[in-house]
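Here is the structure we will look at.
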Amino acid sequence: MFTALILVLAMASVLVYELVYARLGRRIELPPLYGRASASEEYDPDLLAPGILKIVDDKLSAALAVDADTSARLIASSYETPAARGEEGQRSESFLAPDQLAYGRTLARMGKRSLFLKWMESFDRAYKAGFFHADQPGGEGHWSVTLAYVRSLLEGYQAFGGKKIEKKIAELSALLLPLFSAGETAGDLIAGPKTLVAYDEWDVPPPGTLPTPGEEQPLVRVRGTYLADIDLWALYALSRFDPGWGPLARTWQQTLEGARLSGDLPLYASAIDEEGNYLAVTGDSLLSRTGEELTIALHLAEAGFPDYEFASLIRSGLRDDKRLPAGWNPVTGGEASSYAQSSAYALSLSLGRALGDPLLINAAREVMMTFYASSSTSDIFGGWYRPGSTDRSYILNAEDNLAVLLSLR
């Protein structure tokens, strides 16, 4: 009798542990994130990343009032060095959400748990606008910013675990899921200049088809979804919190894979409209933007759906020309006259990591390093620069430096 009682108590203890204590400490397992370093020093053994983070904190970080009672520490979009020694540099007054989100991801990848948790609260407080988050403080909320915030939280959860981050992810998942389930991701966008068609002299073109003398081509406005906003790994990771995300993630996977255009270059469409038609380009240009193309390819590769043909295009440009154009014409294959910034080379390195392509990694890193501020006397030593407004000044751009940080860690 005594032995049986002991066995019952032991079984009850095991049951209580499984139902309460083990469940409380159990972390939801997220899907593999291809390109994530198994160790933080794998691609940068504390050579460059700490210096980048320091210069970002020193030159770009600033306190911004959120309301009458609270303020948040945010990352300004840029800082320009002084044109003459001894003068003050100029920090931008623009605080864009993508820069804050990239900063949060770098904190997660560098293992800075307490700073990440503080950042999480600051971002939520400063950028919450109605149901979703805004692209800048005081702006209008949009689901794409909230999804990008979720991506940062997922990386934080992957690095640190914890019920606080898990609760926030579940809360935002419940907010986003109805919108995605209803297929209501489309918003107003510009689908590029209207292509002029050939009319005979006696035809009367429909209104708005031809520009009036001295005006540029009319712009086409439609409702659609930017494909670069669809973070595929985040959607699959959310399915571990709510299985309702599973079929949605698979549908968007097919949409992204089907976005490859049929031209000579292996490029992706920029957006998809409400009727399911792909839009080759968006905005007021006829060019596909390099950063956008890399982002779409990276989102696919991170979730385990690589595009080696696109990677070959990027690798060839980096190896042969030591640079990438700012964009391509998807119809003619022509290149933009300007060149990509450091963030594009960092995205190329991240793509190489996600694909396990050492040639792409090395080629991207080589080109990326040409924009490194290596002079110890420079006001932005340790960061990545762009040309400034004068011949003697340089710009420390948040997008560039945080993209480099993410590519290294």
Side-chain angles (χ1 to χ4, degrees), residues 30-36 143-144 147-148 150-151 154 176-177 179-187 189 191-192 222-240 243-283 287-317 324 327-331 333 344 347-357 360 364:
L30 302 182
L33 176 56
Y34 292 91
R36 179 174 179 266
W143 66 263
S144 61
L147 179 60
V150 169
R151 166 61 188 262
L154 287 165
L176 288 164
L177 184 58
L179 181 137
F180 272 79
S181 297
E184 296 177 351
T185 58
L189 53 85
V222 298
R223 287 185 59 80
T225 303
Y226 290 110
L227 296 180
D229 287 341
I230 303 298
D231 191 322
L232 194 57
W233 180 79
L235 298 188
Y236 274 112
L238 284 174
S239 70
R240 304 296 175 89
W245 283 103
L248 296 172
R250 287 189 290 273
T251 297
W252 278 110
Q253 173 201 327
Q254 294 167 359
T255 299
L256 292 179
E257 289 181 315
R260 275 283 300 273
L261 301 174
S262 58
D264 294 335
L265 296 178
L267 301 175
Y268 291 93
S270 175
I272 186 169
D273 68 15
E274 290 182 306
E275 284 70 45
N277 303 307
Y278 288 109
L279 307 175
V281 298
T282 55
L287 298 177
S288 297
R289 297 178 289 272
T290 300
E292 187 176 70
E293 295 289 323
L294 284 163
T295 299
I296 295 171
L298 180 60
H299 283 163
L300 281 164
E302 285 179 327
F305 307 100
D307 184 345
Y308 296 108
E309 190 177 358
F310 177 81
S312 178
L313 170 69
I314 301 301
R315 191 192 316 111
S316 297
L324 292 173
W328 296 271
N329 187 309
V331 178
L347 285 171
S348 300
L349 199 159
S350 295
L351 179 61
R353 286 177 51 169
L355 297 174
D357 186 337
L360 179 54

Smallest separation among heavy atoms of [X] and [Y], with atom names:
{"X": "T185", "Y": "L179", "result": "CG2-CD2, 3.7 Å"}
{"X": "L248", "Y": "L177", "result": "CD1-CD1, 3.5 Å"}
{"X": "L355", "Y": "D307", "result": "CD2-N, 4.3 Å"}
{"X": "L261", "Y": "P330", "result": "CD1-CB, 3.7 Å"}
{"X": "T295", "Y": "A228", "result": "CG2-O, 3.8 Å"}
{"X": "A249", "Y": "L232", "result": "O-CD1, 3.5 Å"}

Open item on the list: Does any part of the side chain of F305, heavy atoms only, come nearer than 4.5 Å to the side chain of L256, both counted from C-beta?
Closed with: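 Side-chain contact under 4.5 Å: no.
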TODO: Compare all side-chain heavy atoms of V222 with those of L189 and state whether any distance is below 4.5 angstrom.
DONE: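 Yes; the side chains approach each other to less than 4.5 Å.
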Open item on the list: Run Y308 and D357 through side-chain contact (heavy atoms from CB on, under 4.5 Å) and show every step you take.
Closed with: CA-CA 9 Å; Y308 296 108; D357 186 337; 5.9 Å; no
Going from [atom1] on [X] to [atom2] on [Y], what distance comes out if it is rounded to the nearest 0.5 angstrom?
{"X": "L235", "Y": "T251", "atom1": "CG", "atom2": "OG1", "result": "10.5 Å"}
{"X": "L33", "Y": "Y236", "atom1": "CG", "atom2": "OH", "result": "14.5 Å"}
{"X": "Q253", "Y": "L300", "atom1": "CD", "atom2": "CG", "result": "7.5 Å"}
{"X": "H299", "Y": "D231", "atom1": "NE2", "atom2": "CG", "result": "4.0 Å"}
{"X": "L267", "Y": "R260", "atom1": "CG", "atom2": "CZ", "result": "8.0 Å"}
{"X": "E293", "Y": "L324", "atom1": "CD", "atom2": "CG", "result": "11.5 Å"}

TODO: Begin from the C-alpha positions of I272 and T255 and carry the test side-chain contact (heavy atoms from CB on, under 4.5 Å) through to its verdict.
DONE: CA-CA 9 Å; I272 186 169; T255 299; 3.8 Å; yes
- [ ] Would you check if the distance from the ring center of Y34 to the ring center of W233 is below 6.0 Å?
- [x]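 Between W233 and Y34, which both carry aromatic rings, the centre distance is not below 6.0 Å.
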Task: Passing candidate, side-chain contact (heavy atoms from CB on, under 4.5 Å) with L347, options I314, T290, L294 - done: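 Passing option: L294.
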TODO: Answer with yes or no whether the side chains of E292 and Y226 bring together a donor and an acceptor at under 3.5 Å.
DONE: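 Side chains of Y226 and E292: no pair found under 3.5 Å.
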- [ ] Please check if atom CG in N277 has more than 12 non-hydrogen atoms from other residues, nucleotides or ligands closer than 6.0 Å.
- [x]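 Yes.
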Open item on the list: Assess the residue pair I296 and F310 against the criterion (side-chain contact (heavy atoms from CB on, under 4.5 Å)); give the C-alpha distance rounded to whole Å, side-chain angles, the decisive distance to 0.1 Å, and a yes or no.
Closed with: CA-CA 11 Å; I296 295 171; F310 177 81; over 6 Å; no
Task: side-chain contact (heavy atoms from CB on, under 4.5 Å) evaluation trace for S270 with R289 - done: CA-CA 8 Å; S270 175; R289 297 178 289 272; 3.9 Å; yes
- [ ] For R151 and A234, indicate whether the former's side chain and the latter's backbone hold a donor-acceptor pair under 3.5 Å.
- [x]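 Not confirmed, R151 side chain does not pair with A234 backbone.
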Open item on the list: Main chain of L313, side chain of S316: is a donor-acceptor contact present, judged purely on distance under 3.5 Å?
Closed with: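 The answer is no, because no donor-acceptor pair under 3.5 Å joins these two groups.
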